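Everything numeric here is computed off the predicted structure, so don't read it as measured data. Throughout, a chain's letter reflects where its sequence line sits, starting with A, and its residues are numbered from 1.
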Protein chains: 2
Amino acid sequence: MATGRTHRPATRSRGIPEATVARLPLYLRALTALSERSVPTVSSEELAAAAGVNSAKLRKDFSYLGSYGTRGVGYDVEYLVYQISRELGLTQDWPVVIVGIGNLGAALANYGGFASRGFRVAALIDADPAMAGKPVAGIPVQHTDELESIIQDNGVSIGVIATPAGAAQQVCDRLVAAGVTSILNFAPTVLTVPDGVDVRKVDLSIELQILAFHEQRKAGEEATAEAPAAPAAARRSSASGRDSGTDQGPDGDVPAVMPA
Amino acid sequence: MATGRTHRPATRSRGIPEATVARLPLYLRALTALSERSVPTVSSEELAAAAGVNSAKLRKDFSYLGSYGTRGVGYDVEYLVYQISRELGLTQDWPVVIVGIGNLGAALANYGGFASRGFRVAALIDADPAMAGKPVAGIPVQHTDELESIIQDNGVSIGVIATPAGAAQQVCDRLVAAGVTSILNFAPTVLTVPDGVDVRKVDLSIELQILAFHEQRKAGEEATAEAPAAPAAARRSSASGRDSGTDQGPDGDVPAVMPA
DNA sequence: ATCTGTGAATTGTTTCACAGCT
DNA sequence: AGCTGTGAAACAATTCACAGAT
């Protein structure tokens, strides 16, 4: 997903399903935890439980990578960690830039698991001149003017956008023009990119809205079936005077602050 | 996804596909922008472009909601905004608590689009006593001790977890016990919840790893001469007889962890 | 003439269930 | 006996392509 038209028509190559790729990081995390506890082998059942999936799916997923297990025994933890890391491209080091150092950008910069496996924050970039030089997570913030040279000098191919929605497309364009080919977008806006560039988005309000949908459905279903543990009686709060479009932020839904 | 069990075999209800539900917020955002520009109607083609999907998909999605368009004309923007809002449950106000007010929690609390559409931050909760009373985004942080009473007093059914991974499951358990039935998890860990509770996760490192996978593939594709991936010899064990050939081995050597 | 709504075809994903290896 | 690996079946999502409404 994400890329509109990337498909090389007939790349009979290593066709790992996208759904599987999206789960590999989950398996990797579970395996890493086992590795740290020096657990030597694990069955598909155990590993699946740790990753929150079912074992048939896990086995099918692994079958796309190769036959890395041992029948009657399970999977060798260290070996699998290595194989999945390699498959995900984590045996190399990916320099990443974060653009937009507001609360969210700072949170991302401070995120531990970031630097830990394969990724390295090469630079923090913000449009506010007052931020320039200020260290965040031990890294001095640089001004947007430097964006192109930073990308090029560090060979950055992955960029993280944590700016307000209004600035996101512009930042995206500059990142792409400078050579970035993968973008993780935290701004609540749809980014348009050329073919060959991957975009993934993380969007708080979308996630909340999906939850609200299901939540609403649960509430309307109270007539049926068993009564759940919690007394979902008094849901629904008062202030209901809002509905269609009288919000402050121009659709923008500005994300985590940041001096614009 | 998210909901573990849920088998309601023949709920003749309004079975909107999950993939469609996940796109409704996207359409809603695009429509809200149009609404603010006082655009009266929009075609599936235009709206699809604004939302970053193709028009056939959009029409199919809308067909699950009902027939809200006019052939030869398009969709009435205001009407659609209302219908989708209603479908998503945004015509009511959802009180939300955020647990874990670090950089990320603060970023979430400050997130504009949060309060703007149907969601209201009912409380900010943190385990650090030193945070108690301190206002973040204009809302005083409360101590974890108050968690249960906050949930109950405010009729909160949606909780956001922005704590460190180590605390997430514990917080989750308390939220669920207090009556929360939808959770948005930002902590990099798998949460276990009872049936009937929805969990959605947002995970930076998973997203980056997925990008790295695709990035790696792009790199290996443009320079076909270099190190053409692994000589996937042992893939697909249909190789008759001997199988334990030295598989793996991108360029360098591997920490030969024994494949049995 | 245009654009929606939707069956039918296609493509992708998950689950089943069991053969085959250890 | 136990557990993986995988065809085949079931299910889900997407795309096609056109009938039908305005």
Nearest to the A/S63 side chain among D/dA13, D/dG5, C/dT6, which nucleotide is it? D/dG5
Whole angstrom is fine here: how far is it from [atom1] in [X] over to [atom2] in [N]?
X: B/I16; N: D/dA13; atom1: CD1; atom2: P; answer: 12 Å
X: B/L47; N: C/dG5; atom1: CG; atom2: C1'; answer: 15 Å
X: A/Y27; N: D/dT4; atom1: OH; atom2: P; answer: 13 Å
X: A/L65; N: D/dG5; atom1: CG; atom2: P; answer: 10 Å
X: A/Y75; N: C/dT22; atom1: OH; atom2: C1'; answer: 14 Å
X: B/Y79; N: C/dT4; atom1: OH; atom2: P; answer: 16 Å
X: A/E18; N: D/dA13; atom1: CD; atom2: C1'; answer: 15 Å
X: A/L58; N: D/dC3; atom1: CG; atom2: P; answer: 14 Å

Check for me whether the distance between the ring centres of B/Y68 and B/Y79 falls short of 6.0 Å. yes
A/E46 side-chain N/O to A/S43 backbone N/O, donor-acceptor pair under 3.5 Å: yes
Could you tell me whether the side chain of B/L104 reaches within less than 4.5 Å of the side chain of A/L104, counting heavy atoms only? yes
Reckon B/Y64 has a side-chain N or O less than 4.0 Å from the OP1 or OP2 of D/dA13? no
Given C/dT4, is OP1 or OP2 found less than 4.0 Å from the side-chain N or O atoms of B/S44? yes
Looking only at side chains, do [X] and [Y] share a donor and an acceptor under 3.5 Å apart?
X: B/R217; Y: B/H214; answer: yes
X: B/S44; Y: B/R59; answer: yes
X: A/Q169; Y: A/T189; answer: no

Give me the one residue out of A/L175, A/I161, A/V197 that meets side-chain contact (heavy atoms from CB on, under 4.5 Å) with A/L191. A/I161
What string of B, S and - do you get for nucleotides 15-22 of chain D, 5' to 3', if B is base contact, S is sugar-phosphate-only contact and - is no contact with any protein heavy atom under 4.0 Å? B-B-BBBS
Select base, sugar-phosphate, or nothing to describe what B/F62 touches, counting heavy atoms under 4.0 Å on all strands. nothing
